[in-house]
Number of protein chains: 4
Amino acid sequence: MRTVGSSREKTWPRIRTKGIDLICKTGFERMNLRKLAKESGIQVGSLYNYFSSKDEFLYKVICEIMSDLLATIEEAIEGTSNPVERLRIYVRTMVVWHCERRKEAYVSHNELKSLPKAGYNEVRSLRKRFEIILGDIVEKGCASGDFTVACRPVTVVAILNMLTSISEWYRPSGALRVELIVDTYEKLIGNMLLLKHQ
Amino acid sequence: MRTVGSSREKTWPRIRTKGIDLICKTGFERMNLRKLAKESGIQVGSLYNYFSSKDEFLYKVICEIMSDLLATIEEAIEGTSNPVERLRIYVRTMVVWHCERRKEAYVSHNELKSLPKAGYNEVRSLRKRFEIILGDIVEKGCASGDFTVACRPVTVVAILNMLTSISEWYRPSGALRVELIVDTYEKLIGNMLLLKHQ
Amino acid sequence: MRTVGSSREKTWPRIRTKGIDLICKTGFERMNLRKLAKESGIQVGSLYNYFSSKDEFLYKVICEIMSDLLATIEEAIEGTSNPVERLRIYVRTMVVWHCERRKEAYVSHNELKSLPKAGYNEVRSLRKRFEIILGDIVEKGCASGDFTVACRPVTVVAILNMLTSISEWYRPSGALRVELIVDTYEKLIGNMLLLKHQ
Amino acid sequence: MRTVGSSREKTWPRIRTKGIDLICKTGFERMNLRKLAKESGIQVGSLYNYFSSKDEFLYKVICEIMSDLLATIEEAIEGTSNPVERLRIYVRTMVVWHCERRKEAYVSHNELKSLPKAGYNEVRSLRKRFEIILGDIVEKGCASGDFTVACRPVTVVAILNMLTSISEWYRPSGALRVELIVDTYEKLIGNMLLLKHQ
DNA sequence: TATGAATGAGCATTCATTCAT
DNA sequence: AATGAATGAATGCTCATTCAT
């Protein structure tokens with residue numbers, strides 16, 4: 001018997017949200033479609049109206065998340081070309097997004113290994129974009145004399161990990177407020193790059 | 001037919017090593033005991049002479065790894081009480097260990113969610129020790145006037161994540177040599193804390 | 001490929017019957033779900049649409065059987081309040097049921113020890129009902145002067161065991177017909193209780 | 001390392017006793033040799049110095065028990081040829097033995113289905129002896145005019161089951177003392193056979 | 001779209017048994 | 001006699017996936 005009032009528009013977001021919750025709680029491999037179906041209020045078989053396999057569900061979700069973050073970042077930094085300003089915006093945007101959407105962030109950063117080969121590579125190149133954007137900002141800043149770095153690749157990846165790992169420890173109910181984290185990160189990362197001040 | 005010359009002393013290290021390799025490659029959930037047995041050169045049933053469940057295997061392995069790292073760190077920093085010096089040693093030791101034993105590091109940092117409740121809590125408190133040690137160094141350095149930080153908890157966790165995530169991207173075959181990473185991390189983290197120089 | 005026309009209404013009775021047959025032949029512990037599935041004409045995994053564990057299957061089956069016997073007995077004796085008559089009906093009903101449904105009887109009497117603690121206790125209290133009903137008949141008969149017994153509890157349990165053990169030795173193909181057994185048991189049990197005639 | 005002081009004379013009785021206890025508690029199939037070894041204070045492998053397979057252990061134990069009971073019965077009744085007296089002795093001996101050695105009795109009556117074909121048949125013919133002895137007593141008693149029965153085979157098997165099932169409900173700690181059970185059974189079985197008194 | 005019975009491959013775990021020491 | 005690591009087959013159970021309705 002079909003539940004009255006069901007529709008793609010209502011059902012998919014519910015599946016997506018519940019799926020992300022479950023993956024956060026147990027990891028993708030441990031999440032099973034029975035649980036997902038139950039949480040979503042439908043039967044297992046019905047899930048297949050929304051994706052063609054469990055793996056594809058993960059791929060779809062991660063792509064959506066990463067694209068969203070990428071768009072958010074790109075939109076945020078496009079207003080200025082000043083490296084110092086761009087860095088500040090990049091950091092702020094990343095911190096806020098990783099706090100406010102920590103579950104999605106967590107999934108997109110920690111479940112890549114469960115993607116099938118093809119999807120994995122595709123997502124990897126999406127991920128690479130964040131590194132490129134940051135690397136570009138740093139490079140421009142060094143060229144302009146605003147930043148000084150010992151080793152750019154290491155510095156970039158270190159900063160990126162600092163940012164993405166926020167989703168692992170931030171808790172909305174915790175003592176650390178988002179604005180405090182933003183401020184601290186801005187200072188920390190500023191210090192990391194402004195070696196000329198030493 | 002029993003393999004001649006087999007013995008506990010030889011078999012467990014083989015299982016441990018192969019297990020860590022497999023977990024790195026596929027994640028703990030996807031690793032199955034058939035594969036582990038085959039890689040270890042024994043039969044599935046024999047694995048149970050070395051642990052009582054797949055979960056307990058993970059717990060045992062992670063405990064061993066974390067204890068080893070903790071001992072390494074504590075031994076390294078006990079030679080001096082100078083905060084600047086202690087920080088340098090802490091950073092160097094962490095970087096080197098995470099590079100040289102990146103697989104073990106990766107497992108101990110990324111598979112906690114697969115631990116059963118009890119083991120999870122125990123390992124969490126072990127993990128907390130690294131934070132406490134670093135927090136202590138930073139605190140002492142602030143007190144002595146060597147370091148300046150905007151928000152200590154955020155700073156500590158940011159540094160820690162920067163260090164532990166090395167195991168996710170470092171590759172022995174890559175272009176970045178361990179010494180370069182050590183040097184860069186020392187500078188980056190030094191900058192993060194020496195806010196007074198700004 | 002799913003067998004066309006399968007459905008809960010047809011499948012469960014098949015599983016139940018085949019399961020009882022297998023338990024009779026080999027005992028519950030030795031019965032395995034692969035055999036049960038094969039006999040039932042379905043795959044192992046499908047069994048779990050009908051019970052959640054092997055133990056629960058046993059519990060379900062035994063409960064069904066005991067409830068049925070209990071209902072049969074209670075319905076049969078409710079027509080009269082005369083102790084002598086009630087006893088005769090009780091004995092006849094038990095004998096006939098244990099002959100005609102000897103496999104179900106056998107399972108419900110001999111596999112209790114395989115039930116998990118909770119189920120065991122529940123079934124035990126169901127079983128106790130048969131003893132109570134018989135004990136009540138005997139008590140009323142003694143009060144009315146129809147029966148005389150040396151020791152009521154021992155007498156009741158002895159009679160009950162005489163009746164339930166029929167399922168262990170009765171064979172439909174054997175020489176002893178049901179009616180003969182009924183008659184003999186009526187006389188035997190009548191003699192056991194009519195001690196006043198001595 | 002061999003435990004000092006171990007010897008066949010001490011070890012086998014311990015294994016036998018612990019085995020019977022375990023079988024009573026869980027049934028033969030559920031009893032496993034690891035538990036048996038642990039309870040017996042030796043290693044699993046060592047059990048095979050005392051029997052060649054788990055099945056053979058059961059066979060050995062049941063044979064010992066049944067032979068003992070048979071010898072006890074035969075010795076007890078050989079003193080007289082009077083049917084009434086022989087019956088009384090048979091009943092008394094069976095009751096006492098089933099109370100005092102209820103665990104052994106339970107095993108020998110309830111685990112026959114776990115015996116391999118050959119052993120099963122052998123034990124069955126041993127078991128048959130009890131029926132024959134009782135049948136013989138009843139026959140002689142009918143011939144002499146002491147007993148009257150409606151149907152001898154049914155009567156014999158009913159009496160036998162009444163007796164052997166004592167091991168299922170008798171508890172040394174219970175309210176029913178052995179002597180009370182003996183007396184009651186003597187009267188009950190006397191009544192069953194002395195139909196002429198009606 | 002939704003249902004739910006069915007599939008079939010896969011998994012962790014158990015356990016009787018063997019055997020070099 | 002005793003040990004304990006090793007074997008290998010078997011078992012209960014899970015789960016992604018299919019598909020007739």
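Naming convention: chains lettered A, B, ... in sequence-line order (proteins, then strands); numbering from 1 in each chain. Predicted, not measured: the structure shown is a model, and the values here were computed from it.
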Take B/L36 and B/F57, measure what side chain to side chain contact (heavy atoms under 4.5 Å, CB included) needs, and give me the verdict at the end.
CA-CA 11 Å; B/L36 178 55; B/F57 170 67; 4.2 Å; yes
Roughly, in whole Å, what's the span from [atom1] in [X] to [atom2] in [N]?
X: C/K54; N: F/dT14; atom1: NZ; atom2: C1'; result: 17 Å
X: B/F28; N: E/dC11; atom1: CZ; atom2: P; result: 13 Å
X: D/R30; N: E/dA16; atom1: CZ; atom2: P; result: 13 Å
X: C/Y50; N: E/dA5; atom1: OH; atom2: P; result: 6 Å
X: D/M31; N: E/dC15; atom1: CE; atom2: C1'; result: 12 Å
X: B/L33; N: F/dG12; atom1: CG; atom2: P; result: 19 Å
X: C/L47; N: E/dA5; atom1: CG; atom2: C1'; result: 12 Å
X: A/L36; N: F/dT17; atom1: CG; atom2: P; result: 12 Å

Please pick, from [options], the nucleotide with the shortest atom-to-atom distance to any side-chain atom of [X].
X: A/N32; options: E/dT17, E/dA12, F/dC15; value: F/dC15
X: D/S53; options: F/dA16, F/dC13, E/dT17; value: E/dT17
X: A/S46; options: F/dA6, E/dT17, E/dT3; value: E/dT3
X: A/I42; options: F/dC13, F/dA16, E/dT3; value: E/dT3
X: A/N49; options: E/dT1, E/dT7, F/dT18; value: E/dT1
X: B/Q43; options: E/dT1, F/dG8, E/dT18; value: F/dG8
X: B/R34; options: E/dA5, E/dA2, E/dA12; value: E/dA12

Complement of F/dC15, any strand, by Watson-Crick or G-U distances under 3.5 angstrom:
E/dG8
Pairing nucleotide - E/dA20, Watson-Crick or G-U, each distance under 3.5 Å
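Paired with F/dT3.
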Out of curiosity, A/K60 NZ to A/I65 CD1, how far, rounded to the nearest 0.5 Å?
13.0 Å
Rounded to the nearest 0.5 Å, what's the gap from CG on D/L33 to CD on D/E39? Could you check?
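The CD atom of D/E39 is 13.0 Å from CG of D/L33, to the nearest 0.5 Å.
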Would you confirm whether D/N110, through its side chain, and D/Y106, through its main-chain N or O, come within 3.5 Å as a donor-acceptor pair?
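Checking the backbone N and O of D/Y106 against the side chain of D/N110, a donor-acceptor pair under 3.5 Å is found.
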Reckon D/T11 has a side-chain N or O less than 4.0 Å from the OP1 or OP2 of F/dA1?
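Result: no.
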Would you mind telling me which residue lines up with the more 5' stretch of DNA chain F, A/K35 or A/G45, judged by nearest nucleotide?
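It is A/K35 whose nearest nucleotide is closer to the 5' end.
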Taking the side chain as everything from C-beta on, heavy atoms only, tell me whether A/V107 gets closer than 4.5 Å to A/F28.
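Side-chain contact under 4.5 Å: no.
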